[in-house]
There are 2 protein chains.
Amino acid sequence: MAGKVTRDDVARLAGVSTATVSYVVNNGPRPVARRTQQNVREAIEKLGYEPDGVARSLVTRRTRSIGFIVPDILNPAHTAITRALGDALWDADYSLTLGNSDENPERELACLRAFRGRGVDGVALTPGGGNLGALFALHESGRPLVLLDRQIEGLPANCVLFENRGGTRAAVEHLIELGHRRIGLINLPAALTPGRERRDGYLDALAAAGLRHDPALIREGGFKGGGDNPGRRLEGRLLAADLLDRRDPPTALFVSNNRLMRGVLHLLRERGLRVPADLALATFDDMEYYEDITPSITAVDTSLQEFGQQVARLLLEQIEQGQNGREPRVIRVPFRLNIRESTRGT
Amino acid sequence: MAGKVTRDDVARLAGVSTATVSYVVNNGPRPVARRTQQNVREAIEKLGYEPDGVARSLVTRRTRSIGFIVPDILNPAHTAITRALGDALWDADYSLTLGNSDENPERELACLRAFRGRGVDGVALTPGGGNLGALFALHESGRPLVLLDRQIEGLPANCVLFENRGGTRAAVEHLIELGHRRIGLINLPAALTPGRERRDGYLDALAAAGLRHDPALIREGGFKGGGDNPGRRLEGRLLAADLLDRRDPPTALFVSNNRLMRGVLHLLRERGLRVPADLALATFDDMEYYEDITPSITAVDTSLQEFGQQVARLLLEQIEQGQNGREPRVIRVPFRLNIRESTRGT
DNA sequence: TTGAAAGCGCTAACAA
DNA sequence: TTGTTAGCGCTTTCAA
């Protein structure tokens with residue numbers, strides 16, 4: 001506040017030009033005599049000078065910050081990705097500015113605009129499906145952009161995805177190996193990448209085992225991910241109840257994400273179902289508490305940490321080297337199936 | 001990128017001065033004739049002009065961004081606070097820049113520095129206990145600062161706290177009402193505000209019921225909150241096991257936070273304990289999944305959303321009105337005891 | 001009601 | 001090896 005120390009003060013005290021101070025502070029781009037460096041450093045120390053990032057940004061046109069739009073950071077999967085992304089960016093001296101879209105296209109657009117206004121050096125987001133115009137424009141402007149979890153038809157942007165299909169297939173095959181023949185699927189909407197690919201993985205597993213697929217065993221949520229809409233909170237509960245109330249109910253369930261799974265857990269408690277005796281359960285997204293609760297839950301562990309790191313890598317690569325007409329990269333983060341009591345028993 | 005549209009272009013096209021464009025864009029501080037406004041707006045529209053936030057910040061010395069340092073955003077309690085804070089700031093047209101300290105004083109300091117360099121308009125953090133010098137300096141510089149969850153001796157900064165004492169007392173009284181006489185406490189380190197106050201609330205409840213307090217029933221973690229140190233992940237498990245292995249074990253446990261609680265849940269599963277028959281359980285921090293799992297968990301619900309909102313309020317108040325020598329505000333966020341199966345049974 | 005112009009603190013091109 | 005200086009895009013004082 002009071003009387004900010006600027007580079008001029010340092011230059012004066014050290015008896016050099018402001019340019020020299022700049023070269024010392026930034027370690028370049030041109031060399032400075034050792035002796036002079038000394039003097040400047042001392043002056044900086046004595047005055048308690050700190051460079052002003054805003055002024056620097058104005059001339060370099062870089063802010064060393066990344067805008068990150070997440071549908072809902074309350075979803076533990078997004079939290080973990082945010083954490084990993086933030087850490088990786090931090091290591092590269094970038095900071096993370098957060099925006100919640102709540103799966104609301106207007107909010108998403110508002111975030112995009114706000115980020116541009118603030119001059120972020122890149123944007124990462126889980127696109128809600130709208131705002132195609134803005135996203136194409138953003139991509140065409142050459143600004144670093146990374147899509148998470150969902151691809152956008154025709155938009156050749158870098159993208160990080162889960163092994164949706166392979167992970168789901170592995171989990172369902174595991175259920176099949178345990179002897180299950182009627183396996184229900186509580187799925188995300190198949191309109192977006194994760195729902196579509198997880199459904200395909202489920203079908204793959206059935207087909208590979210020579211099981212006929214009964215469409216009546218698939219239930220699909222109408223919800224796309226974020227927000228705290230209470231009606232949707234336990235959507236998984238409704239869908240699972242629906243399935244279990246059939247005259248010929250499944251003996252096992254694969255649940256496509258952690259939000260749906262919460263609803264299913266809720267239902268288990270309400271009905272006092274024994275797991276895996278009455279119903280075996282496997283799910284996508286491995287939450288930390290799945291290994292603490294009773295029964296512990298078999299889950300496809302998607303390495304959220306690596307996911308976040310890859311997003312950072314793509315972003316930094318683009319910032320430092322530009323896209324250079326390179327083909328867009330689509331990275332799949334590997335998975336691991338964590339088998340626990342909800343399928344294997346105690 | 002290519003040929004950015006600046007205010008000069010707009011001024012030229014509209015046939016006015018750059019100052020006028022500025023007044024139109026900012027709606028002030030001086031009036032502009034309706035007719036002129038029209039012209040300027042049209043020019044802006046036609047050129048697709050967008051103000052440059054960085055340049056504006058350089059002159060206004062405001063960035064409309066807040067730096068937020070959290071020990072570990074993976075802790076769902078912090079996530080929820082972050083979300084609420086971010087939303088409230090967003091509504092006021094501020095953005096949130098995130099830093100994870102991991103309870104590491106060096107990282108905390110690095111965040112503080114980075115934030116200053118980036119010119120944030122205010123800082124909110126859960127202080128780790130170190131960096132006293134930097135925090136006092138920050139506060140004295142007059143920059144908006146809000147402390148979360150932990151007070152710092154002698155630092156008269158605005159602060160938002162939980163009703164640690166009252167909430168814990170209510171939960172323990174609930175256990176006493178259910179007939180429990182030997183109630184264990186798995187606590188956070190009493191060196192910091194939450195641990196100290198929760199312990200006091202526990203003692204309050206015992207005293208009010210005329211129960212003698214047995215120090216052997218209190219176990220205290222050594223951990224201060226963040227990070228993913230695997231050894232600490234299930235600290236609650238060790239502490240609880242220790243307590244239950246006594247010849248005269250408690251019949252109920254109050255667990256001071258969600259991280260410790262995860263360890264306790266893990267232990268329940270390992271030992272096949274029936275809750276609440278073998279052991280009744282109540283905890284501080286109400287996680288969403290506590291109402292979905294079996295048994296559902298009785299918890300002190302601390303309204304994380306309101307917590308985040310209060311942080312935002314304090315911050316914005318300080319930014320807009322300055323502290324003006326006002327007394328520092330210490331806000332306590334109310335709680336609610338959510339009674340569920342882990343104490344009351346099914 | 002409006003224009004001209006002086007900076008905000010910094011980087012880097014141009015000179016020396 | 002170092003100094004001088006022209007901006008970066010914007011806000012706002014001073015004049016008109």
Side-chain angles (χ1 to χ4, degrees), chain A residues 1-41 43-44 47-65 93 114 116-121, chain B residues 1-41 43-44 47-65 93 114 116-121:
Chain A
M1 303 260 110
K4 172 157 192 164
V5 179
T6 80
R7 197 204 36 183
D8 283 4
D9 303 314
V10 176
R12 204 169 309 121
L13 180 60
V16 299
S17 74
T18 58
T20 301
V21 177
S22 189
Y23 299 132
V24 172
V25 169
N26 299 332
N27 255 312
R30 91 184 176 195
V32 175
R34 276 187 94 59
R35 186 61 209 282
T36 316
Q37 287 200 28
Q38 267 297 350
N39 290 338
V40 173
R41 293 243 162 67
I44 286 174
L47 296 173
Y49 167 75
E50 296 188 72
D52 180 323
V54 174
R56 175 182 287 166
S57 290
L58 181 59
V59 32
T60 60
R61 312 270 55 185
R62 296 296 207 82
T63 55
R64 299 201 83 83
S65 70
D93 196 27
R116 193 167 22 172
R118 292 188 156 94
V120 298
D121 294 344
Chain B
M1 302 259 110
K4 172 156 192 165
V5 180
T6 79
R7 197 203 35 183
D8 284 6
D9 303 312
V10 176
R12 204 169 308 121
L13 180 60
V16 298
S17 74
T18 58
T20 301
V21 178
S22 189
Y23 299 133
V24 171
V25 169
N26 299 331
N27 254 313
R30 94 182 173 197
V32 176
R34 274 187 97 59
R35 186 58 209 283
T36 315
Q37 287 201 29
Q38 268 297 350
N39 290 338
V40 173
R41 292 242 162 70
I44 288 175
L47 296 173
Y49 166 75
E50 295 188 73
D52 180 323
V54 174
R56 174 182 287 168
S57 291
L58 181 59
V59 31
T60 61
R61 313 269 56 182
R62 296 295 210 81
T63 55
R64 299 201 81 86
S65 71
D93 197 27
R116 194 169 22 178
R118 290 189 158 89
V120 298
D121 294 344

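Fair warning: this is a prediction, and the values are worked out from it, not measured in the lab. Protein chains get the first letters and strands the later ones, always in sequence-line order, with residue 1 at the start of each.
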For [X], which contact category applies under a 4.0 Å heavy-atom criterion: base, sugar-phosphate, or nothing?
{"X": "A:G15", "answer": "sugar-phosphate"}
{"X": "B:A33", "answer": "sugar-phosphate"}
{"X": "A:V16", "answer": "sugar-phosphate"}
{"X": "B:N26", "answer": "sugar-phosphate"}
{"X": "B:V32", "answer": "sugar-phosphate"}

Please enumerate all protein N or O atoms sitting under 3.5 Å from an N or O of nucleotides 14-16 of chain D, with distances to 0.1 Å.
from	atom 1	to	atom 2	distance (Å)
D:dC14	N4	B:R30	NH1	3.3

Who are the side chain to side chain contact (heavy atoms under 4.5 Å, CB included) partners of [X], not counting sequence neighbours?
{"X": "B:T63", "value": "A:V54, B:S57, B:S65, B:D121"}
{"X": "B:S22", "value": "B:N26"}
{"X": "B:L13", "value": "B:A43, B:K46, B:L47"}

Close N/O contacts between protein and nucleotides 6-9 of chain D (under 3.5 Å):
from	atom 1	to	atom 2	distance (Å)
D:dG9	N2	B:A55	O	3.4

Please give, in whole Å, the distance from [N] [atom2] to [X] [atom1]?
{"X": "A:R118", "N": "D:dC10", "atom1": "CZ", "atom2": "P", "value": "15 Å"}
{"X": "B:D9", "N": "D:dC10", "atom1": "CG", "atom2": "C1'", "value": "13 Å"}
{"X": "B:R12", "N": "C:dA4", "atom1": "CZ", "atom2": "C1'", "value": "15 Å"}
{"X": "B:D8", "N": "C:dA4", "atom1": "CG", "atom2": "P", "value": "11 Å"}
{"X": "A:N27", "N": "C:dC10", "atom1": "CG", "atom2": "C1'", "value": "17 Å"}

Requested in this report: Report yes if at least one side-chain N or O of B:T36 is closer than 4.0 Å to OP1 or OP2 of C:dT2; otherwise report no.
Outcome: yes
Query raised in the report: Phosphate oxygens OP1/OP2 of C:dC10: is one of them under 4.0 Å from a side-chain N or O of A:T60?
Result: no
Query - Closest to the A:T20 side chain, choosing from D:dT2, D:dT4, D:dT1 - result: D:dT2
Query raised in the report: With sequence neighbours left out, which residue pairs that include part of residues 27-39 of chain B fulfil the side-chain hydrogen bond (donor to acceptor under 3.5 Å, both in side chains) condition?
Result: B:Q37-B:R41
Query raised in the report: How would you list, by chain and number, every residue that makes a side chain to side chain donor-acceptor pair (under 3.5 Å) with B:S17, sequence neighbours excluded?
Result: B:T20
Report task. Over all heavy atoms of both residues, which pair between B:Y23 and B:V32 is shortest? Give the atoms and the distance, please. Result -> CB-CG2, 3.6 Å
Query - Sequence-distant partners of A:R118, salt bridge (Lys or Arg N to Asp or Glu O under 4.0 Å), two or more places apart - result: none
Query - Stepwise side chain to side chain contact (heavy atoms under 4.5 Å, CB included) check, B:V24 with B:V16 - result: CA-CA 11 Å; B:V24 171; B:V16 298; over 6 Å; no
Report task. Output every pair passing salt bridge (Lys or Arg N to Asp or Glu O under 4.0 Å) with a member in residues 47-57 of chain B, not counting sequence neighbours, ordered by first then second residue. Result -> A:R61-B:D52, A:R116-B:E50, B:K4-B:D52
